[in-house]
2 protein chains.
Amino acid sequence: MSKTQKQQHLDKAEQILAGALPEFLQHGYARTSMDRIASAAGVSKQTLYTHFGDKDGLFNAILKQMAREKFQLVCSKPLEGEPEQVLRDLAQRLLKEVNDPDHLAFVRLIVAESVNHPESPKLFLIHVVQPALKILTEYLEQHQKLKDCEAIARIFVGALIHHIITQEILHGKEIIPIEEERIVDNLIKLIVH
Amino acid sequence: MSKTQKQQHLDKAEQILAGALPEFLQHGYARTSMDRIASAAGVSKQTLYTHFGDKDGLFNAILKQMAREKFQLVCSKPLEGEPEQVLRDLAQRLLKEVNDPDHLAFVRLIVAESVNHPESPKLFLIHVVQPALKILTEYLEQHQKLKDCEAIARIFVGALIHHIITQEILHGKEIIPIEEERIVDNLIKLIVH
DNA sequence: GTCTATATGGCGATAGAC
DNA sequence: GTCTATCGCCATATAGAC
């Protein structure tokens, strides 16, 4: 295969992924048809199959792309400063990044497909959750040396993520609303004091 | 309609619901066919349509049944005793009840269908989550009068539910495992002290 | 490799007898 | 109301020309 052909091949594959990603995010796996993806990507249906084998192959490629590129949480650099301010900044960033239409759709998708595509949540945990837990745990260990910082980091991240899932994905805003600030404030108070 | 006919009607409807429930739980909405439900319930496909109109009607009936009867969380009687023991008991009960194959499948289902069937998560919040939050909030208000007990209750329940979702539904056991006891112990310490 | 056209099967929903 | 048999559609996947 010449360099030019390979380049064209990659371009086509990326063109397909770019077209398929919003379709899977918006409609989920079962409700997204290969016809629809072909149309959205601007290629013929057969081209999808030559590049990705079948629908599952295309979906798995999409999941890897999402976990590795699109939905990286927070930053990877270590946290610095006073605990109260550091935790507040981290909470704000995390809430802002997760409370985004595409990210919420991503979470819905990996939960919905956690049985039939078990690799998808694993990619999510490895590339998105684990790094966030790691930098928070390492920071806490420098400031709360006698406590179980790994468990506390889980509680911190878990309470925030659950808040978003409940309010946004489960439509909790309409049933059991609560101000985000109260969750953040009390969570920080519990941990710092 | 005579009493006998009505009784037969109800029996048939319940027979259908009983057959359809495990199918929807195990395979989700899109992957469950009306043929499969008819077979599982031991009735003809036409009978499904006579009683519930269409697939959506049957699914909504299933959701109501699950939220109202099958997945009631914890108990509704007020909590009593010392905070540390009360919180520990509540955590254990909540974890045990949520970490059940059917309950996990129920959570997966309402998240997966939260867009196309937005009533399903609302039923879940009203019948399952809200009562649990209520009794915990009322208990905390008797023992921690100066604190924002509603927010703390959300943090408590949220951290536990998120732990189960991450470990069980997202297969976190294999990627980022942690002992449940550490989550419970540290959560209680944060709140009580 | 990429296209147009097609094969094949399963789906939700219905018709008509009883 | 309940059954058997069937319709019409859309899904995934493939065939064959270029």
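Atom set for the values below is all heavy atoms of this structure, side chains included, hydrogens, waters and symmetry mates excluded. What you see is a predicted model, and the numbers here were worked out from it, not measured in a lab. So that the names make sense, note that chain A is the first sequence line, chain B the second, and so on, each numbered from 1.
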Quickly work out the [X] [atom1] to [N] [atom2] distance and round it to whole Å.
X	N	atom1	atom2	answer
A/F52	D/dT12	CZ	P	16 Å
A/L48	C/dT4	CG	P	13 Å
B/H27	C/dG10	NE2	P	15 Å
B/L58	C/dA13	CG	P	11 Å
B/M34	C/dG10	CE	P	18 Å
A/K45	D/dA15	NZ	P	14 Å
A/D56	D/dT12	CG	C1'	11 Å
A/Y49	D/dA15	OH	P	13 Å

- Message: Centre-to-centre under 6.0 Å for A/F124 and A/F106, is that the case here?
- Response: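 Aromatic pair counts; centres sit under 6.0 Å.
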- With the side chain counted from C-beta on, respond yes when B/H117 and B/N60 share a heavy-atom pair under 4.5 Å apart, and no when they do not.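 In short, these two side chains touch, coming nearer than 4.5 Å.
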- Sub-4.5 Å side-chain heavy-atom contact between A/I164 and A/L104: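 Sidechains of A/L104 and A/I164: in contact.
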- Describe the nucleic acid contact of B/S44 in one word from base, sugar-phosphate, nothing, applying a heavy-atom distance below 4.0 Å.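 Since a base atom lies under 4.0 Å of B/S44, the category is base.
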- Scan A/D35 against the nucleic acid and name what it touches under 4.0 Å (heavy atoms): base, sugar-phosphate only, or nothing.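 Since a base atom lies under 4.0 Å of A/D35, the category is base.
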- Message: Taking only side-chain N and O atoms of A/T47, does any of them lie within less than 4.0 angstrom of OP1 or OP2 on C/dC3?
- Response: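 Looking at the OP1 and OP2 atoms of C/dC3, one of them is under 4.0 Å from a side-chain N or O of A/T47.
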- Message: Go through it in stages, so that I can follow the logic: the residues are B/D185 and B/R88, the test is salt bridge (Lys or Arg N to Asp or Glu O under 4.0 Å), and I'd like the CA-CA distance, side-chain angles, deciding distance and then a yes or no.
- Response: CA-CA 8 Å; B/D185 285 349; B/R88 192 170 299 275; 2.7 Å; yes
- Polar pair under 3.5 Å, donor/acceptor by atom type, side chain B/Q46, base C/dA15: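 Pair found.
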- Pair B/R154-B/E150, salt bridge (Lys or Arg N to Asp or Glu O under 4.0 Å): steps then yes or no: CA-CA 6 Å; B/R154 305 266 185 147; B/E150 191 182 351; 3.4 Å; yes
- Query: Can you tell which of C/dT2, D/dA13, C/dA13 lies closest to the side chain of A/K55?
  - Reply: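 Closest nucleotide to the A/K55 side chain: D/dA13.
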- Message: For A/G53 and A/R31, find the nucleotide of DNA chain D closest to each by heavy atoms; which residue's nucleotide sits nearer the 5' end?
- Response: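 By nearest-heavy-atom nucleotide position, the 5'-most residue is A/R31.
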